[in-house]
Amino acid sequence: ARRLSYWEEQDQASGWFHFQHAHSMFGSVSYYSNSTSILTPFGELLLTTYLPADLHTTQALAGIPRTGKAVHPLAPWPAT
């Protein structure tokens, strides 16, 4: 089973969280994440920002194709 770990001392005020885990395609990844909820006429839209925390993760994320309709999950869901 994959395990998602993050820092115990998170910055609750800004909403940024640090995650580090083994990804099935990219290997060990480390990044910060922040989510913002926006209300639209069609319902709630959740926008999530991923900020790489190291060079390996930067290169892995840069390699994700930016075209097509494929989904590329970064983290296991639900988080375990």
Side-chain angles (χ1 to χ4, degrees):
R2 292 182 296 179
R3 181 162 172 80
L4 181 67
S5 65
Y6 58 94
W7 287 349
E8 292 296 323
E9 295 181 19
Q10 300 296 336
D11 184 351
Q12 298 293 329
S14 71
W16 285 94
F17 295 90
H18 178 254
F19 295 91
Q20 184 172 1
H21 61 94
H23 189 275
S24 61
M25 187 180 346
F26 304 124
S28 178
V29 292
S30 178
Y31 56 92
Y32 296 93
S33 180
N34 178 300
S35 294
T36 302
S37 178
I38 299 173
L39 295 177
T40 74
F42 303 101
E44 185 178 26
L45 176 63
L46 185 64
L47 302 174
T48 302
T49 302
Y50 296 102
L51 179 63
D54 60 25
L55 180 60
H56 170 75
T57 304
T58 300
Q59 292 170 338
L61 294 179
I64 295 175
R66 299 212 182 327
T67 59
K69 297 181 181 179
V71 175
H72 302 281
L74 182 60
W77 186 258
T80 56

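All of these numbers come straight from a predicted model, not from anything done at the bench.
- Rounded to the nearest 0.5 Å, atoms CG (L51) and CH2 (W16) are 5.5 Å apart.
- Judged by distance alone, with hydrogens and angles left aside, the side-chain atoms of H56 form a donor-acceptor pair with the main-chain N or O of F26 at under 3.5 Å.
- The nearest pair of heavy atoms linking T58 to P52 is OG1-CB, 3.2 Å.
- Taking NE2 of H18 as the reference point, atom OG of S33 lies at 11.0 Å (rounded to 0.5 Å).
- Summarising the hydrophobic clusters (Ile, Leu, Val, Met, Phe, Trp, Tyr; side-chain heavy atoms under 4.5 Å, direct or chained), the residues clustered with I38 are L45, L47.
- Hydrophobic cluster membership for L55: none, as no Ile, Leu, Val, Met, Phe, Trp or Tyr side chain comes under 4.5 Å of it.
- Of the possible polar contacts, none joining the T57 side chain to the V29 backbone as a donor-acceptor pair under 3.5 Å is found.
- D54 CG to Q20 CD: the interatomic distance, rounded to the nearest 0.5 Å, is 7.5 Å.
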